[in-house]
Amino acid sequence: MPVTVVVGTQWGDEGKGKITDLLSDSADLVMRYQGGNNAGHTVVVGKERFALTLIPSGVLSPQVTPVIGNGCVVDPAVLLEEMAMLRSRGVDTSRLRISGNAHLIMPYHRKLDAAIERYLGRQQIGTTKRGIGPAYQDKFSRHGIRLQDLFDPKIFTQKLETALKNKNKLLVKIYNQLEMLADPIIDEYLHYADELRPYVADTSLLIWEAINEGKQVILEGAQGTLLDIDHGTYPFVTSSSPTAGGATIGAGIGPKSIDRVLGVAKAYISRVGSGPFPTELQDEIGDKMVAIGGEYGTVTGRRRRCGWLDMVALRYAVRVNGLTDIALTKLDVLSHFDKIRVCVGYDALGERHEEFPRQQRTLYKCQPVYEEFPGWNEDISSVRQFKDLPKEARQYIQYIEEHTGIGVSIISVGPSRSATLFRD
Ligand code: IMP
């Protein structure tokens with residue numbers, strides 16, 4: 001498939017990094033289309049584990065051009081650090097390309113992100129405090145500073161000084177913070193300009209050319225459908241559009257260019273940060289999922305909230321993304337449970353819901369309705385063929401296919417590249 005979008009179907013942390021890395025083997029260009037260093041992608045290659053936040057997972061495949069698209073927000077210090085980390089481990093980063101239209105995360109964005117969260121108190125979103133929301137806010141209010149601005153010191157200084165006047169009022173008068181000075185920020189960021197110059201490109205043109213040459217392109221989403229600013233559990237969402245539609249805007253291509261939309265779903269479900277989560281397990285089963293699944297955030301190290309697979313949410317993800325197929329990850333984690341549950345509907349306010357509720361008020365009241373499956377209670381981490389999976393595991397997958405109407409084309413049974421089953 002020439003152009004594939006890889007999208008999270010849950011609240012992020014579905015294992016998109018591993019899936020993108022696998023598909024990258026036969027890809028020519030892999031582009032991140034939204035988000036910033038709020039995303040954590042863990043990719044295991046042989047004995048090595050790479051934790052990436054901003055650079056697309058495709059960087060680990062030597063023939064791939066990894067690209068950071070215009071829909072992303074870039075913290076230059078983090079980007080350069082990540083590049084240096086990869087280089088120090090023998091990964092070539094010279095092919096990386098970054099859109100000059102991507103917006104910069106500035107130091108005041110990080111400071112505001114943390115200050116706003118404190119101010120919200122119990123209503124806080126539980127952001128990653130990386131400045132993502134404030135950076136997107138500036139983008140849409142048209143006060144943002146883009147990567148291309150770094151290469152014109154006069155314009156950069158002008159934009160920064162204008163932004164800072166406004167930010168300092170907010171920081172000092174509303175959030176009780178110290179004022180930030182322009183000069184150290186100018187020095188710091190203009191220094192990044194020299195380092196980043198070779199990587200900046202017209203990435204929309206780059207992807208257009210790749211598509212026209214029949215190359216294999218992957219558009220890698222960060223976070224997940226339920227964290228989407230429009231389609232997620234607003235306001236407990238991120239500030240961009242992880243859903244497949246966001247891929248066209250964040251990459252700069254038209255929707256007709258997309259051939260495949262692969263939804264990545266964990267065999268159970270997790271969430272970090274605040275917000276409604278109907279199948280959350282606040283008991284020893286949830287604790288067991290955290291322990292066996294290693295459910296701690298790649299970026300912030302926070303413990304993830306865990307629960308049973310939610311088919312209402314998964315069917316919603318199929319719909320809003322136009323998914324063509326599913327990659328089911330971490331199936332091996334469920335090997336440790338005698339009984340496995342799947343949420344097939346919600347009961348809320350006297351009604352049964354089979355579609356994901358659009359009203360936040362309803363979502364908070366949702367009580368999951370479960371179907372129960374027998375577990376398989378055996379190690380499946382070395383299985384490589386669907387037919388060799390225990391009957392109960394096959395039934396679980398077939399159930400997902402029947403109730404979503406699409407196929408599960410990839411099954412992951414462990415963190416390494418080889419711990420994967422491909423189906424036609
Ligand atoms: P922000 O993206 O840092 O503004 O955080 C907004 C919400 O999205 C919070 O609930 C975060 O925990 C969540 N979030 C952001 N990035 C990720 C991710 O990569 N995985 C899971 N949750 C995320």
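As the structure lists them, so they are numbered: ligands from 1, and atoms in each ligand from 1. We're numbering straight along the sequence, starting at 1.
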Considering only protein heavy atoms, which is closest to [atom], and at what distance to one decimal place?
atom	result
atom 5 (O) of ligand 1	T127 CA, 3.3 Å
atom 11 (C) of ligand 1	G126 O, 3.5 Å
atom 3 (O) of ligand 1	T128 OG1, 2.6 Å
atom 10 (O) of ligand 1	V272 O, 3.2 Å
atom 12 (O) of ligand 1	R302 NH2, 3.0 Å
atom 2 (O) of ligand 1	T238 OG1, 2.6 Å

- Would you please classify the geometry between the W376 ring and the Y396 ring as parallel, tilted or perpendicular, with 30° and 60° separating the classes?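 Answer is tilted, since the angle falls between 30° and 60°.
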- Message: Below 30° counts as parallel, above 60° as perpendicular, anything between as tilted: where do the rings of F337 and W308 land?
- Response: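 Because their plane-to-plane angle is over 60°, the rings of F337 and W308 count as perpendicular.
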- Can you tell me if G40 has a non-hydrogen atom under 4.0 Å from ligand 1?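 Judged by the 4.0 Å heavy-atom criterion, G40 does count as contacting ligand 1.
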Just to be sure I'm reading this right: ignoring hydrogens, which of [options] gets closest to [atom]? Compare them by their nearest heavy atoms.
atom	options	value
atom 6 (C) of ligand 1	D13, V237, I229	V237
atom 17 (C) of ligand 1	K129, R304, Q223	Q223
atom 23 (C) of ligand 1	N37, L227, I125, T298	L227

- Item | Close-contact set for ligand 1 against W11 heavy atoms, below 4.0 Å |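 With W11 as reference, the close atoms of ligand 1 come out as 21 (C), 22 (N).
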- Would V290 and Y296 satisfy side-chain contact (heavy atoms from CB on, under 4.5 Å), going step by step from the backbone distance to the final call? CA-CA 7 Å; V290 173; Y296 293 91; 3.7 Å; yes
Under 4.0 Å between a Lys/Arg side-chain N and an Asp/Glu carboxylate O for [X] and [Y]?
X	Y	result
D13	R304	yes
D310	R271	no
E48	R89	yes
R260	D325	yes

- Is R130 touching ligand 1 with its side chain, its backbone, both, or neither, if touching means heavy atoms under 4.0 Å apart?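 Looking at R130 and ligand 1, no heavy atom falls under 4.0 Å.
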- Item | F236, portion touching ligand 1 at heavy-atom distance under 4.0 Å |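 Neither part.
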- Query: Do Y192 and L79 come within less than 4.5 Å of each other through their side chains, counting heavy atoms only?
  - Reply: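 They are not in side-chain contact.
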Check whether any N or O atom of [X], backbone or side chain, sits under 3.5 Å from an N or O atom of ligand 1, and answer yes or no.
X	value
I132	no
N38	yes
D113	no

- Message: For a quick check under 3.5 Å, do S418 and S416 share a side-chain donor-acceptor pair by atom type?
- Response: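 Per modelled atom types, S418 and S416 side chains form a pair under 3.5 Å.
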- Query: What's the verdict on side-chain contact (heavy atoms from CB on, under 4.5 Å) for L323 and V7, showing C-alpha distance, side-chain angles and the deciding distance?
  - Reply: CA-CA 9 Å; L323 297 186; V7 60; 3.6 Å; yes
